**Student:** 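Can you read through this structure? Questions will come right after.
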Amino acid sequence: MDTLHIYNTLSGKKEPFEPINPPFVGLYVCGPTVYSSVHLGNCRTFISFDIVNRYLRYLDYKVRYVRNITDAGHLENDADEGEDKISKKARLESLDPMQIVQTYSLDFHDKMAIFNTLSPDIEPTATGHIVEQIEIIQNIIAKGYAYEINGSVYFDVIKYAEVENYGALSGRKIDELISGTRDLDSQDEKRNSLDFALWKKASPLHIMRWKSPWGIGFPGWHLECSVMSTKYLGESFDIHGGGMDLKFPHHECEIAQNKAAHGKHAVKYWLHGNMLTFEGKKMSKSLGNSILPDELFTGEHPLLTKGFHPMVVRFFMLQAHYRSTLDFSNEALEASEKGFFRLMTAIKLIDSLPVSDITEVDIENHSKLFHRAMNDDFNSPILIGHLFDLVKVINSISDGRVKTNQETIDKMKALINDFVIDVLGLKPVDEDGNQSVLNGLMNLIVEMRKRARLSKDWDTSDAIRDQLNELKIIVKDGKDGATWEIK
RNA sequence: GGUCUCGUGGCCGAGUGGCUAGGCAAUGGUCUGCAAAACCAUGUACAGCGGUUCGAAUCCGCUCGAGACCUCCA
């Protein structure tokens with residue numbers, strides 16, 4: 001593919017990417033609910049869309065990337081007594097909800113930076129857009145697609161479905177949805193179990209509360225994305241992304257809200273990233289099989305044999321296509337780790353390649369294949385496959401088996417920079433004073449000194465100790481062997 | 001139960017009608033004091049059965065298995 005094609009969930013097909021107002025591109029991605037630490041599954045989605053963002057920018061589109069922070073309105077469940085996740089956590093820990101929000105927003109940003117994802121251009125919060133959310137609710141009520149009851153406002157899905165296709169995105173049919181609903185909870189004040197909350201009345205327990213025309217309450221979860229995406233990207237924008245698990249009902253509700261309020265579907269291309277699985281099952285907090293980024297970096301987790309560098313984890317994720325599930329395992333991570341370092345080692349070789357007058361390398365062809373891979377719905381695993389073809393070429397040049405000239409080397413370097421550093425967002429890792437390497441080295445030196453001492457080779461033993469002293473490393477001989485520390 | 005997706009060689013994972021994906025692991029070789037690295041070579045992989053076709057991992061049907069969504073989830 002010579003131009004970018006992306007898979008649109010709405011049509012179920014790969015479509016040529018044609019922005020509404022080129023060269024501008026509006027990109028909205030559903031961000032996290034900040035009531036606990038992000039786990040690896042969450043991170044995968046944001047890394048997937050980081051690639052989308054990066055490649056669009058590489059193609060010189062003027063991207064406005066909006067990713068929200070859900071800091072209110074996300075309910076524990078759909079029942080009437082459903083409690084806001086953040087509100088609940090705050091109550092349980094006797095904290096102000098905004099402390100929870102701050103703690104986990106910082107954690108989220110920290111992890112996104114560690115994974116080398118680019119920051120969104122705008123990162124709006126639900127609590128910062130209460131006024132806009134109230135306005136759109138009033139609008140939807142005025143259009144007749146929402147009703148108030150006991151201080152809460154619900155979207156009338158049945159009425160909406162009479163004129164619009166509710167389920168267009170997720171491929172669901174309204175009749176099947178109605179018959180398929182399980183709970184026949186008589187407590188439910190909604191007209192139909194499919195209806196979803198636009199505004200919820202706050203119970204006395206609920207500490208996050210705002211004034212509204214319907215009394216004290218808080219906004220429904222689905223609403224914020226409709227409001228904030230259109231506020232910052234316009235009533236029609238190009239790409240809306242999110243995890244596959246948000247397709248229904250979250251994104252379906254977003255579409256319904258937008259159509260009810262503005263009479264049109266806001267989004268041109270819907271993109272959905274697939275799940276990270278563990279032993280075949282979706283990694284999620286509720287299943288208790290989630291792994292936190294820090295646990296993976298340090299290896300401090302019962303299911304992990306060792307720690308992995310964030311760039312290795314990123315590389316691992318990019319070796320699968322964003323629309324496929326990816327199964328997490330120690331073995332798979334270890335394979336990626338070796339591959340990643342093979343790639344990085346080859347890249348470092350470029351600067352010291354022998355230069356010839358002639359070239360046997362068709363760098364333009366590599367470039368073409370790289371572009372073709374990414375143009376095909378951001379196919380990063382194919383790109384990585386092609387990168388390893390180039391790795392082989394680089395190593396062969398280094399070994400003197402293949403000849404190439406300076407011009408080709410320059411182009412190669414630029415190409416690697418574009419695709420590895422800019423598009424895939426991978427960066428070399430080895431230079432930042434790796435503690436485990438230091439420990440390994442010191443263990444080695446201490447062991448060699450021990451051997452010298454056992455054979456009463458005091459000259460060698462003392463020379464090692466003195467030279468380490470000069471490096472500000474103190475060796476201390478104790479009863480149980482030597483220890484060391486940095487002065 | 002309903003809707004949908006997936007099942008690729010030891011592992012991970014691309015690929016949607018004919019052309020070696022790739023990484024890791026494995027085996028043989030070149031190189032090397034020995035290793036490592038690198039390079040070269042090596043895999044009757046497409047859940048099963050049946051069908052369509054000159055030709056199927058790829059399309060269709062059935063069977064088996066796994067998963068996702070239908071309730072909060074990236």
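Proteins get letters first, then strands, A, B, ... in listed order; numbering begins at 1 in each. Small disclaimer: the values here were computed from a predicted structure and weren't measured.
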**Student:** Expressed in whole Å, how much space separates the P atoms belonging to B/U3 and B/G61?
**Tutor:**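 About 15 Å, rounded to a whole number of Å.
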
**Student:** If we take the P atom in both B/G23 and B/U42, what is their distance in whole Å?
**Tutor:**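 That atom pair is separated by 14 Å.
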
**Student:** When all nucleic acid strands are considered with a 4.0 Å heavy-atom cut-off, which category describes A/M244: base, sugar-phosphate, or nothing?
**Tutor:**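 Since no nucleic acid heavy atom lies under 4.0 Å of A/M244, the category is nothing.
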
**Student:** Between A/S170 and A/V391, who's closer to the 5' end of RNA chain B by nearest nucleotide?
**Tutor:**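 Residue closer to the 5' terminus by nearest nucleotide: A/S170.
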
**Student:** Once you apply the 3.5 Å cut-off to both distances, tell me the Watson-Crick or G-U wobble partner of B/A21, or none.
**Tutor:**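 Pairing partner, where one exists within any strand: none, as none qualifies.
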
**Student:** Identify every side-chain donor-acceptor pair in residues 325-333 of chain A under 3.5 Å, counting partners at least two apart or on other chains, and give the distances.
**Tutor:**
{"residue": "A/D327", "atom": "OD1", "partner": "A/T277", "partner atom": "OG1", "Å": "2.7"}
{"residue": "A/D327", "atom": "OD1", "partner": "A/E279", "partner atom": "N", "Å": "3.3"}
{"residue": "A/D327", "atom": "OD1", "partner": "A/G280", "partner atom": "N", "Å": "3.0"}
{"residue": "A/S329", "atom": "OG", "partner": "A/A332", "partner atom": "N", "Å": "3.1"}
{"residue": "A/N330", "atom": "OD1", "partner": "A/T305", "partner atom": "N", "Å": "3.0"}
{"residue": "A/N330", "atom": "OD1", "partner": "A/T305", "partner atom": "OG1", "Å": "3.2"}
{"residue": "A/N330", "atom": "ND2", "partner": "A/L303", "partner atom": "O", "Å": "2.7"}

**Student:** Which residues in residues 246-253 of chain A have at least one heavy atom lying under 4.0 Å from any atom of RNA chain B?
**Tutor:**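 By residue number: A/L246, A/F248, A/P249.
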
**Student:** Any base atoms under 4.0 Å from A/G41, or only sugar-phosphate, or nothing? Heavy atoms, all strands.
**Tutor:**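 Since a base atom lies under 4.0 Å of A/G41, the category is base.
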
**Student:** I need the CE-P distance between A/M317 and B/G22, as an integer number of Å.
**Tutor:**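 My rounded result for the distance is 25 Å.
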
**Student:** Name the closest nucleotide to the A/K282 side chain, picking from B/A74, B/A38, B/G2.
**Tutor:**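 That would be B/A74.
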
**Student:** For the residue pair A/Y147 and A/Y154, does the interplanar ring angle fall in the parallel (under 30°), tilted (30 to 60°) or perpendicular (over 60°) class?
**Tutor:**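 Rings of A/Y147 and A/Y154: tilted, 30 to 60°.
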
**Student:** When you compare the protein's N or O atoms with those of nucleotides 25-36 of chain B, which come within less than 3.5 Å of each other, and at what distance?
**Tutor:**
{"residue": "B/A25", "atom": "OP1", "partner": "A/K338", "partner atom": "NZ", "Å": "3.2"}

**Student:** Once each nucleotide of nucleotides 9-14 of chain B is scored for protein heavy atoms under 4.0 Å, what B/S/- sequence comes out, 5' to 3'?
**Tutor:** --SSSS

**Student:** Is A/D84 paired with A/K200 through a side-chain N to carboxylate O contact shorter than 4.0 Å?
**Tutor:**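 So A/K200 does not pair with A/D84 through a salt bridge.
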
**Student:** Enumerate the residue pairs fulfilling salt bridge (charged side-chain N to carboxylate O under 4.0 Å, His left out) with a member in residues 27-41 of chain A, sequence neighbours excluded, ordered by first and then second residue.
**Tutor:**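 Those involving residues 27-41 of chain A do not exist here.
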
**Student:** A/I416: what forms a side-chain contact (heavy atoms from CB on, under 4.5 Å) with it, not counting sequence neighbours?
**Tutor:**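 So A/I416 forms a side-chain contact (heavy atoms from CB on, under 4.5 Å) with A/I347, A/I350, A/L387, A/L390, A/V420.
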
**Student:** Could you list the donor-acceptor pairs under 3.5 angstrom formed by side chains in residues 239-254 of chain A, with sequence neighbours left out?
**Tutor:**
{"residue": "A/H240", "atom": "NE2", "partner": "A/E254", "partner atom": "OE1", "Å": "2.8"}
{"residue": "A/H240", "atom": "NE2", "partner": "A/E254", "partner atom": "OE2", "Å": "3.2"}
{"residue": "A/D245", "atom": "OD2", "partner": "A/K282", "partner atom": "NZ", "Å": "3.2"}
{"residue": "A/H250", "atom": "ND1", "partner": "A/H222", "partner atom": "ND1", "Å": "2.9"}
{"residue": "A/H251", "atom": "ND1", "partner": "A/H272", "partner atom": "NE2", "Å": "2.8"}
{"residue": "A/E252", "atom": "OE1", "partner": "A/L169", "partner atom": "N", "Å": "3.3"}
{"residue": "A/E252", "atom": "OE1", "partner": "A/S170", "partner atom": "N", "Å": "2.8"}
{"residue": "A/E252", "atom": "OE1", "partner": "A/S170", "partner atom": "OG", "Å": "2.6"}
{"residue": "A/E252", "atom": "OE2", "partner": "A/G167", "partner atom": "N", "Å": "3.1"}
{"residue": "A/E252", "atom": "OE2", "partner": "A/A168", "partner atom": "N", "Å": "3.1"}
{"residue": "A/E252", "atom": "OE2", "partner": "A/L169", "partner atom": "N", "Å": "3.2"}

**Student:** Which listed nucleotide (B/A74, B/C70, B/A68) is nearest to the side chain of A/L287?
**Tutor:**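 Among B/A74, B/C70, B/A68, the one nearest the side chain of A/L287 is B/A68.
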
**Student:** Closer than 4.0 angstrom, basic N to acidic O: yes or no for A/E337 and A/K306?
**Tutor:**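 Result for this pair is yes, salt bridge flagged.
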
**Student:** Taking any heavy-atom pair under 4.0 Å as a contact, classify A/K392: base, sugar-phosphate, or nothing.
**Tutor:**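 The answer is sugar-phosphate, as A/K392 gets under 4.0 Å only of primed atoms, P, OP1 or OP2.
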
**Student:** Starting at atom CD1 of A/I174, determine the distance to atom P of B/C70, rounded to an integer number of angstrom.
**Tutor:**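 Taking CD1 of A/I174 and P of B/C70, I get 15 Å after rounding.
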
**Student:** Write down the distance between CG (A/D245) and P (B/U5), rounded to a whole number of angstrom.
**Tutor:**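 My rounded result for the distance is 18 Å.
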
**Student:** Indicate yes or no for a side-chain donor-acceptor contact from A/S48 to the backbone of A/Y322 under 3.5 Å, with no hydrogens or angles considered.
**Tutor:**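 Between the backbone of A/Y322 and the side chain of A/S48 there is no qualifying donor-acceptor contact (under 3.5 Å).
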
**Student:** Identify whether any heavy atom of A/H386 sits under 4.0 Å from a base atom; if not, whether one sits that close to sugar-phosphate; answer base, sugar-phosphate or nothing.
**Tutor:**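 Here A/H386 touches no strand at all.
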
**Student:** Would you say the base of B/C69 and the side-chain of A/R172 have a donor-acceptor pair closer than 3.5 Å?
**Tutor:**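 Pair found.
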
**Student:** If I pick the P atom on B/C59 and the same atom on B/G15, what distance separates them, to the nearest angstrom?
**Tutor:**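 Approximately 13 Å lies between the P atom of B/G15 and that of B/C59.
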
**Student:** Which pairs, with at least one residue in residues 359-370 of chain A and sequence neighbours excluded, count as a salt bridge (charged side-chain N to carboxylate O under 4.0 Å, His left out)?
**Tutor:**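 Non-adjacent pairs meeting salt bridge (charged side-chain N to carboxylate O under 4.0 Å, His left out): A/E364-A/K411.
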
**Student:** Think A/N395 has a side-chain N or O under 4.0 angstrom from the OP1 or OP2 of B/A38?
**Tutor:**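 The answer is no; no side-chain N or O of A/N395 sits under 4.0 Å from OP1 or OP2.
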
**Student:** Applying salt bridge (charged side-chain N to carboxylate O under 4.0 Å, His left out), which residue pairs with at least one partner in residues 383-398 of chain A are found, sequence neighbours left out?
**Tutor:**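 Pairs touching residues 383-398 of chain A that pass the test: none.
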
**Student:** Which value, in whole Å, describes the distance between the C1' atoms of nucleotides B/U53 and B/C39?
**Tutor:**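 These two C1' atoms come out 42 Å apart once rounded.
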
**Student:** Taking the C1' atom in each of B/U5 and B/A25, what is the distance between them to the nearest angstrom?
**Tutor:**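 That atom pair is separated by 30 Å.
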
**Student:** Indicate, with a heavy-atom threshold strictly under 4.0 Å, whether A/S284 touches base, sugar-phosphate, or nothing.
**Tutor:**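 Touches a base.
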
**Student:** Under the side-chain contact (heavy atoms from CB on, under 4.5 Å) rule, collect the residues that match up with A/P16, sequence neighbours excluded.
**Tutor:**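 Partners of A/P16 under the side-chain contact (heavy atoms from CB on, under 4.5 Å) test: A/H5, A/E18.
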
**Student:** Can you list the residues that meet the side-chain contact (heavy atoms from CB on, under 4.5 Å) rule with A/M448, with sequence neighbours excluded?
**Tutor:**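 Here the qualifying residues are A/L444.
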
**Student:** Would you kindly give the NZ-to-C1' distance between A/K306 and B/C24, to the nearest whole Å?
**Tutor:**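 Going from NZ in A/K306 over to C1' in B/C24 covers 13 Å.
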
**Student:** Nearest whole angstrom, please: distance from the C1' of B/C24 to the CG of A/N330.
**Tutor:**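 To the nearest whole Å, that distance equals 14 Å.
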
**Student:** Charged N to carboxylate O below 4.0 Å: is that the case for A/E447 and A/R451?
**Tutor:**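 So A/E447 pairs with A/R451 through a salt bridge.
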
**Student:** Mind checking the P distance from B/U8 to B/A26? Whole angstroms is fine.
**Tutor:**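 Rounded to whole Å, the distance is 23 Å.
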
**Student:** Nearest whole angstrom, please: distance from the P of B/C39 to the CG of A/L390.
**Tutor:**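 One finds 12 Å between P of B/C39 and CG of A/L390, rounded.
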
**Student:** If I take atom CD1 in residue A/I69 and atom C1' in nucleotide B/A74, what distance separates them, rounded to the nearest angstrom?
**Tutor:**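 After rounding, the gap between these two atoms is 13 Å.
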
**Student:** Determine the Euclidean distance between corresponding P atoms of B/A47 and B/A21; express it in Å to zero decimal places.
**Tutor:**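 Each nucleotide's P atom is 15 Å from the other's.
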
**Student:** Write down the distance between CD (A/E176) and P (B/G1), rounded to a whole number of angstrom.
**Tutor:**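 So the two atoms are 16 Å apart, to the nearest Å.
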
**Student:** Please report the distance separating the P of B/G43 from the corresponding atom of B/A36, rounded so that it comes out in whole Å.
**Tutor:**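 One P to the other, the span is 23 Å.
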
**Student:** Of the options B/A74, B/C39, B/G2, whose atoms approach the side-chain atoms of A/T33 most closely?
**Tutor:**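 Output: B/A74.
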
**Student:** Going by salt bridge (charged side-chain N to carboxylate O under 4.0 Å, His left out), name the pairs with one or both residues in residues 109-125 of chain A, residues two or more places apart or in two chains.
**Tutor:**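 Listed by first then second residue: A/R57-A/D121, A/R67-A/E123, A/D107-A/K111, A/K111-A/D294.
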
